[in-house]
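Following: one structure in structure tokens, then a few remarks.
Here, residue 1 is the first one in the sequence, and each next residue gets the next number. Bear in mind the structure is a predicted one, so any value in this text is a computation, not a measurement.
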Amino acid sequence: MLLAVFSDIHGNRQAFEACLKAARAKGAERFVMLGDFVGYGADPEWVVDTAMELVTQGAVAVRGNHDQAVNSSSETMNNEAQIAIEWTRGRLDVAQRRFLAELPMLVEDGDRLFVHSEASQPQRWHYIRSTADAAKSLISTPAHVTFCGHIHRPALYSMSVTAKMTGLVPKTDVSVPLLRGRQWLAVLGAVGQPRDGDPSAAFVLFDTVSCQVTYCRAPYDVATAANRIRENGLPHWLADRLSEGR
């Protein structure tokens with residue numbers, strides 16, 4: 001089965017539509033969403049409704065820190081993010097907020113684990129910034145492959161049976177075999193707000209038979225997504241950064 005894995009959609013309808021279209025064109029048979037459906041972007045209702053529909057069709061979804069912040073005042077964020085969350089609260093209806101509140105922190109699916117931030121303490125929202133961070137996540141699960149997001153920058157880590165770590169920045173559209181005998185941590189870039197210098201929306205394809213992962217990009221209508229942010233009175237910085245991928 002070919003899985004399409006998305007993370008950090010952040011209310012960006014144009015980016016999510018582009019990723020869904022690209023993944024389907026590449027033959028994706030099942031969808032996985034690693035959280036942060038809302039925050040920053042101007043179309044949280046559409047994104048959450050789409051995610052809810054995909055889940056009814058068999059997709060996997062987990063909770064991100066922005067999703068949790070919609071229903072919890074204890075989540076602290078920077079000023080722009082907090083403004084976007086407070087605005088988002090006023091846009092979502094009861095069913096949409098309940099969907100976000102009831103999402104699991106992680107999902108185990110065979111020899112795969114799906115989580116928003118990392119596996120050792122998913123509720124603490126730690127970033128995977130280094131091989132040391134990746135190792136902490138990997139040793140906390142027996143899963144062959146863990147998929148996470150949160151940091152908005154793609155990376156791929158592995159750990160050998162002797163705990164030797166490797167890490168790399170994957171190349172777009174180049175399939176990487178995730179060899180048995182090692183554990184792997186696939187860190188996704190963001191659908192809705194990339195921060196690796198490439199404004200194109202990011203997602204991952206994973207072939208469960210060949211055990212190959214492919215990092216993909218989907219160009220989208222950045223200008224429309226940015227204008228939607230400005231038109232709704234959200235901080236202009238959230239719009240400006242989209243065209244720069246930061």
Side-chain angles (χ1 to χ4, degrees), residues 1-37 41 43 46-62 64 103-104 106-116 143-150 152-158 168-180 182-194 196 198-222 224-225 245:
M1 178 176 288
L2 189 62
L3 303 180
V5 191
F6 312 104
S7 189
D8 299 281
I9 301 163
H10 284 299
N12 189 331
R13 174 175 181 165
Q14 289 72 30
F16 195 24
E17 284 181 324
C19 286
L20 289 170
K21 181 179 180 180
R24 287 172 172 137
K26 292 175 182 290
E29 300 164 86
R30 191 184 186 198
F31 297 132
V32 178
M33 298 168 287
L34 301 182
D36 274 6
F37 297 94
D43 288 289
W46 185 90
V47 169
V48 174
D49 282 343
T50 300
M52 291 168 68
E53 178 62 25
L54 291 173
V55 168
T56 67
Q57 298 170 5
V60 173
V62 299
L103 288 171
L106 53 80
V107 170
E108 295 177 283
D109 181 30
D111 61 355
R112 298 174 291 276
L113 186 143
F114 304 115
V115 63
H116 179 66
H144 177 229
V145 187
T146 298
F147 295 87
C148 72
H150 191 44
H152 296 217
R153 294 193 295 270
L156 183 63
Y157 299 93
S158 72
L168 59 88
V169 176
K171 294 183 179 180
T172 301
D173 293 330
V174 176
S175 296
V176 180
L178 305 188
L179 303 176
R180 297 289 177 179
R182 301 185 72 90
Q183 284 184 281
W184 297 85
L185 177 61
V187 183
L188 275 66
V191 171
Q193 195 191 81
D196 62 340
D198 184 344
S200 299
F203 68 99
V204 155
L205 293 175
F206 179 70
D207 190 319
T208 62
V209 176
S210 65
C211 209
Q212 292 188 335
V213 65
T214 307
Y215 284 72
C216 306
R217 304 304 284 240
Y220 74 97
D221 188 349
V222 174
T224 294

First locate atom [atom1] of [X], then atom [atom2] of [Y], and finally report the distance between them rounded to the nearest 0.5 Å.
X    : Y    : atom1 : atom2 : answer
C148 : Y157 : SG    : OH    : 9.0 Å
F203 : L3   : CZ    : CG    : 12.5 Å
L188 : M33  : CG    : CE    : 13.0 Å
E29  : L205 : CD    : CG    : 10.5 Å
L20  : T50  : CG    : OG1   : 7.5 Å
L113 : L106 : CG    : CG    : 5.0 Å

>> The test is side chain to side chain contact (heavy atoms under 4.5 Å, CB included); show your working for M1 and F206 and say whether it passes.
In response: CA-CA 8 Å; M1 178 176 288; F206 179 70; over 6 Å; no
>> I'd like to check K26 versus D173 (side-chain heavy atoms, cut-off strictly below 4.5 Å). Are they in contact?
In response: yes
> Mind checking whether L178 and H144 have side chains closer than 4.5 Å, heavy atoms only?
Replying inline: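 Side chain of L178 against side chain of H144, heavy atoms only: contact under 4.5 Å found.
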If every non-hydrogen atom of [X] is compared with every non-hydrogen atom of [Y], which pair is closest and at what distance?
X    : Y    : value
F37  : A61  : CZ-CB, 3.9 Å
A15  : V191 : CB-O, 3.3 Å
V62  : L103 : O-CD1, 3.7 Å
L179 : W184 : O-NE1, 3.0 Å
P170 : A155 : CD-CA, 3.6 Å
A201 : P194 : CA-CG, 4.3 Å

>> If the condition is salt bridge (charged side-chain N to carboxylate O under 4.0 Å, His left out), which residues does D109 pass it with, not counting sequence neighbours?
In response: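 With sequence neighbours excluded, D109 shows a salt bridge (charged side-chain N to carboxylate O under 4.0 Å, His left out) to R30, R112, given in chain and number order.
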> Using the ring of each side chain (for Trp, its six-membered ring), is F6 parallel, tilted or perpendicular to F16, with breaks at 30° and 60°?
Replying inline: perpendicular
> Got a donor-acceptor contact below 3.5 angstrom from the T224 side chain to the D221 backbone?
Replying inline: no
> So does R153 pair up with D198, basic N to acidic O under 4.0 Å?
Replying inline: no
> Is it true that R180 and D111 have a side-chain N and a carboxylate O under 4.0 angstrom from each other?
Replying inline: yes
> Going through the checks in order, is the side chain to side chain contact (heavy atoms under 4.5 Å, CB included) test met by F147 and L34?
Replying inline: CA-CA 8 Å; F147 295 87; L34 301 182; 4.0 Å; yes
>> For T172 and R217, which I'm curious about, is there any donor-acceptor pair between the side chains at under 3.5 Å?
In response: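 Note: T172 and R217 side chains miss the donor-acceptor criterion.
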> Between the side chains of H116 and D36, is a donor N or O closer than 3.5 angstrom to an acceptor N or O?
Replying inline: yes
>> Please determine whether side chain to side chain contact (heavy atoms under 4.5 Å, CB included) holds for the pair C216 and V204, giving the CA-CA distance in whole Å, both sets of side-chain angles, and the decisive distance to 0.1 Å.
In response: CA-CA 6 Å; C216 306; V204 155; over 6 Å; no
>> Set out, in order, the CA-CA distance, both residues' side-chain angles and the distance that settles side chain to side chain contact (heavy atoms under 4.5 Å, CB included) for L54 and Q57, then state yes or no.
In response: CA-CA 5 Å; L54 291 173; Q57 298 170 5; 4.0 Å; yes
>> Evaluate N12 against Y220 for side chain to side chain donor-acceptor pair (under 3.5 Å), listing each step before the verdict.
In response: CA-CA 10 Å; N12 189 331; Y220 74 97; 3.2 Å; yes
